[in-house]
Each structure stands twice: as C-alpha cells, then as structure tokens.
Amino acid sequence: MTLTRNPVNSAFNISPNRIIPILVGLFVLGAILRTLDIGQPIGVDNLLSWRETDIGSIARNFDREGMNLFYPRIDWRGDGKGYVEMEFPLYPWLIAVLYKLFGYHEIFGRLLSYSFSLGAMAVFFLLARYLLPPVGTVFAALFFVLSPLAIKISNSLQPEGLMFLCYLLAAYAFIRWLDDNSWKHYGLALFATTLCILAKAPAAHIGLFFALLVLKEKGPIAFRQIRLWAFAIVALLPGILWYKHAQHLWLTYGNSLGVSNENHVAGLKLFTQPSLIRGIFYIDILHVWMPTGLIICAIGILVARSEKAAIYSLYWLLPIFVFYLAIAYTTSAAWAIYYHIFSVPPVALLIGLGVEALIAINWGKNLTRDWLPQMNTPVVVLAVLCLCATFLFPALQIYQSTAEGAKDMEKLYQCAQEFKPAIPDNVLIATTAPGIFKEGRPVASNVPYMFYWLDRKGFNLFAENQSLKGVIELSKRGARYFIAEKGYFKGKPDFESDLRRTFPAIRECQQAVMFELTPKLKK
C-alpha cells in the first residue's frame, strides 16, 4: 500500500498549514524536557560520570595549559604531560573557548550540548517531514522529542551531542542530494559526514547507509561517479589523519580514552557468548523502541513497506546493527547505552509510519488497498494500546531518571568537596580504579572524576596493583595523597589495614578515605 501524502478524511487530519505550529509546539516541549538536570555538577551521573569528567578536565586543561586543538590533556596523567588519544576534541575545545570568553563556569559545556540537541531536533523534524505524510511526521517527531536516550545526551558533557547533530544532518542532506542532485545538499552532506566521523569514529557506519541508498536509488552504475568516490575520500580522510595522530599520542604518552587500550571487538565470541547479543537487543528495545514500539513499527513496515520511509529506515538500521555487533563488548554493556543513540532516528521514522498506517487502515478511502489485510477490532484495539504505551513508556523513564538522579555519585561528589580543602595546590594525588583486564581482555579503567572534582593531577592505582607496595611506588613518583573508595577494600582487608597502619587518614566519609603519603617513604 502507498500512503497518500494528502490528509485522509478522518479525525486525525493534519493539513500542511497546521503541521508547522504543531511541530513548533513539539520543539518547545522537547526544548523544555532537555533542560532536565542541566544545572547538576559535572560527573554526578552514574552512567556518564567518567565520560563527563574526562571531557570537563580536557576543556579545563585547554583553557589553562594552551588551546592547541591537536594536543588534548587529561588529569590522570601521573607524572607525565597528559596528552591523550581520543576522538577529535572539538567539543571540549569549544567549551574552553567559552571559558576564555566568559570565565570558568561548568554549565557552559551543558549549554553547548543543549544547543546541539536543539539542532538535532530541528534536523530530524525536517527529515521526518520530507519522508512522511503529515500525521506520520507529527508522531515521529513526538517519539523523537520524548526519546529518553536523546534526552539523556541532550545536556551531558560528551561528544555524542555534536556527533548526533552532524549525523542527522548528514543523513538528511544526503537523502535530499539523491533526489535533487544539487551541489548545495552534496556539500552539506559532505561537511556533516566529515564532522560526525571526527566527533565520534563509530559514526562512520553511516557510509554503509549511504552506499545502500545509492544502490537502491541509482543502481550499481552510480558507483562509477567521481562525485561519490570524492565524497567517500574527503569524508574519511580527516578522520583517518586525526586518529593516526591520536594513536601517536597513545604510543608516545600511554594515555587513551578507550580507543587503543580497550578491546571492543567480540570477534568469534559473539557466537559463543549469547549474553552479548542479548545485551545489545535488551538496551535497544528498552531504551530506543520502548518496547511496544516494535509492534507499531512492524505495522508500518507491513502495511507500507514500499514507502521511502520504511525502506530508508530499514536500510539505516542494518549498518547500525552491524556496528553494534562489531563492537559487541561495548554496545552490550549497560554503561554504554548512549552508543544506541544511532537507532533513535530510523525507529522514530518507523513509529510515524506505523501510526500513519494504523489510521489508513481504519479511515483511508482513497488509498491503494489491493493487498491490505483486513484487521478486526481486537487487533486494532491492541495496536492502539501499544501506541499509547509506546509514548507513555519514555515518559516513565524520564520521570524515573529525574526522580532517582545519581544518588551514589552525588555522595562521592560531596566527599570530594570535603577532601579538597586539605590538599595543597599543585600536588599530585592517587586514586583507586578498577582492573585493566576483564575476562582476560584489556579495558579502559581510568577513573577521572575524583581528579576533576579535586582539581588535581595524578595517578590511578588499578585493582591489580592495589596493595601497600603499589601505593608506596606511587608516592615515590610524587603522589602526596591517596584517595581510596571503600568499595575497593572489599575482598582486600589487608590492603585497608596496611594503609591505615602506615599512613594517617586525614579525611574520611562514608564512601572514601584520604591518606597522606608522608615524604619519609621516599627514602
């Protein structure tokens, strides 16, 4: 069945003149929802703490130690210079620019992410309106506005906000270019694709999406066009050059934000560890599809599978899930839910298509319905209930996230505020951190939040080295204070007793204890 782009004769009519005010209203709603927790301190979110405080410290170090965009620095640098391997650090650099212009205020980073999220909403509205009839556009936009995952990253200190804006802009411009062949949309798609790959390397899977679209719309002969090959080369080259430089920083200084010091690829274990695939689908269904949205999407695909919105969304989801499977160690982990932000746009389009199809089934009079299956009342009622649940579920998730907040990290943050006055300026500290291996594979275990909150540089003491000897070794390298989270003492009673017997505990709270490492240990 082909869905008409003109309003059907029903109570759900939305004329072209009315759709703009409705979308503006949804945009305002989304803008309000995206202000949730915008004023909270950096790093108190349980899931995003390590990422936020890394970005916060890199931005602060740009401001204080030099604005060279190509040499980002972290705080957990030990006694080194702190140059770190990471994605292209445009986002923290822009935060530092705001610090230079207006002074150091933590909220600038969140406001910058917030502005990116508003841009992403606007671009998605354009994309939905281009691919969907009016009713579908409204419901796709509503789903996108209410997406808990999109709201989650909307004001967090992480590069996903910039990446997501560019990712959506690239998809929209490329689809428009396929239709009108204009240099304007070609250039916009090229710029946005290049920047989204620089902002976050996993976004490179969008290239497979583009290849599938070209194959569908133009056929294999299109790959002979010089413009397509120029697009691919120009879009990928800056990212390749940056990540090559970033790898040099890793090899020279030994610091990485999880690029080279963690194994993300599951390989053959993807087939021997079902928990990896289960984790991927659990996160995507719970945090993206909502999960009754699966039924609404299925209705859209079944009833209107020939529509561009259906075809393009399925083509889009294919490379996304290939990417999820390729780095299953990461995308199946509970802490990495923000990696699944890629699924939100195509799922939102399918939701809009499903709603449009539901309305067409019941009220359509001028539609082509030669093969359309007859749906009895119970089936329609079930679909409507699923639709209601699809939009109620994200609202509940948003409420839960706001109500529960990040109580555990907030307590640790308060400990840091109590410890900070006892630490002199410009001294090195050490903190506890998880192990650098998990199930025999390397993982990025650096814990940055205490360094950021205390505004100090220093060392992470990983689980494998958490002993009196390990602490003494760090004291010999210049560490003057050791902050131990009490959770790391579990299973290591000797470690705690040795520390308390050897060093004075000068500050203590429910979650952590701070020891002063006396200079005499250097002798």
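Values reported hereafter were calculated over all heavy atoms of this structure, with side chains retained and with hydrogens, waters and symmetry mates removed.
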So, the side chain of [X] versus the backbone of [Y]: is there a donor-acceptor pair under 3.5 Å, distance only?
| X | Y | answer |
| --- | --- | --- |
| Thr252 | Leu249 | no |
| Glu85 | Asn255 | no |
| Asn261 | Ala444 | no |
| Tyr243 | Ala201 | yes |
| Ser49 | Gly43 | yes |
| Arg60 | Gly56 | no |
| Trp242 | Met86 | yes |
| Ser147 | Phe144 | no |
| Thr35 | Ile32 | yes |
| Thr193 | Ala170 | no |

State plainly whether the residues [X] and [Y] are in salt-bridge range, i.e. N to O under 4.0 Å.
| X | Y | answer |
| --- | --- | --- |
| Glu65 | Lys81 | no |
| Arg500 | Glu508 | yes |
| Asp455 | Arg64 | yes |
| Arg110 | Asp37 | no |

Do [X] and [Y] make the cut of ring centroids closer than 6.0 angstrom?
| X | Y | result |
| --- | --- | --- |
| Phe281 | His340 | no |
| His248 | Tyr83 | no |
| Trp50 | Tyr449 | no |
| Phe323 | Phe342 | yes |
| Phe495 | Phe489 | yes |

Between Val443 and Phe437, is the side-chain contact (heavy atoms from CB on, under 4.5 Å) condition met? List the steps. CA-CA 6 Å; Val443 292; Phe437 291 96; 5.9 Å; no
Heavy-atom check, side chain of [X] versus side chain of [Y], under 4.5 Å:
| X | Y | result |
| --- | --- | --- |
| Leu517 | Arg480 | no |
| Lys411 | Met409 | no |
| Leu127 | Leu349 | yes |
| Glu418 | Cys509 | yes |
| Val84 | Leu257 | yes |
| Arg51 | Pro159 | yes |
| Leu90 | Leu162 | yes |
| Pro41 | Trp453 | no |

Please assess Asp425 against Arg456 for the test salt bridge (charged side-chain N to carboxylate O under 4.0 Å, His left out), listing each intermediate value before the final yes or no. CA-CA 8 Å; Asp425 294 337; Arg456 301 292 186 274; 3.3 Å; yes
Classify the side-chain pair [X]/[Y] by whether it contains a donor and acceptor separated by less than 3.5 Å.
| X | Y | value |
| --- | --- | --- |
| Glu485 | Thr432 | no |
| Asn155 | Ser113 | no |
| Asp54 | Trp76 | yes |
| Ser275 | Gln273 | no |
| Glu160 | Tyr167 | no |
| Asp284 | Trp289 | yes |

Carefully, step by step, assess Ile95 and Asp63 under the rule side-chain contact (heavy atoms from CB on, under 4.5 Å). CA-CA 9 Å; Ile95 297 174; Asp63 179 35; over 6 Å; no
Quick check: closest heavy atoms across Ala31 and Met121, and the distance to 0.1 Å?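 Scanning both residues, the minimum pair turns out to be N-CE, 3.7 Å.
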Among pairs that include at least one residue of residues 140-149, which meet salt bridge (Lys or Arg N to Asp or Glu O under 4.0 Å), considering only residues two or more places apart or in two chains?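 Every candidate salt bridge (Lys or Arg N to Asp or Glu O under 4.0 Å) pair involving residues 140-149 fails, so no pair, neighbours aside, qualifies.
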Mind checking the [atom1]-[atom2] spacing from [X] to [Y]? Nearest 0.5 Å is all I need.
| X | Y | atom1 | atom2 | result |
| --- | --- | --- | --- | --- |
| Ile107 | Leu157 | CD1 | CG | 11.0 Å |
| Cys297 | Met290 | SG | CE | 11.0 Å |
| Arg507 | Ile423 | CZ | CD1 | 9.0 Å |
| Ile296 | Leu350 | CD1 | CG | 11.5 Å |

Is it the case that atom [atom1] in [X] sees more than 12 heavy atoms from other parts of the structure closer than 6.0 Å?
| X | atom1 | value |
| --- | --- | --- |
| Phe191 | CZ | no |
| Phe70 | CZ | no |
| Lys100 | NZ | yes |
| Lys438 | NZ | no |

Give the C-alpha distance, both sets of side-chain angles, the deciding distance and a yes or no for side-chain contact (heavy atoms from CB on, under 4.5 Å) between Asp79 and Lys457. CA-CA 8 Å; Asp79 50 4; Lys457 310 295 190 291; over 6 Å; no
Using a 6.0 Å distance limit plus a 45 degree cone around the ring axis, check whether Arg441 lies over the aromatic ring of Tyr329. yes
One pair to check against side-chain contact (heavy atoms from CB on, under 4.5 Å): Phe515 and Tyr481. What are the steps and the verdict? CA-CA 6 Å; Phe515 298 94; Tyr481 297 87; over 6 Å; no
Do the rings of Phe321 and Tyr324 sit parallel, tilted or perpendicular, given the 30° and 60° boundaries? perpendicular
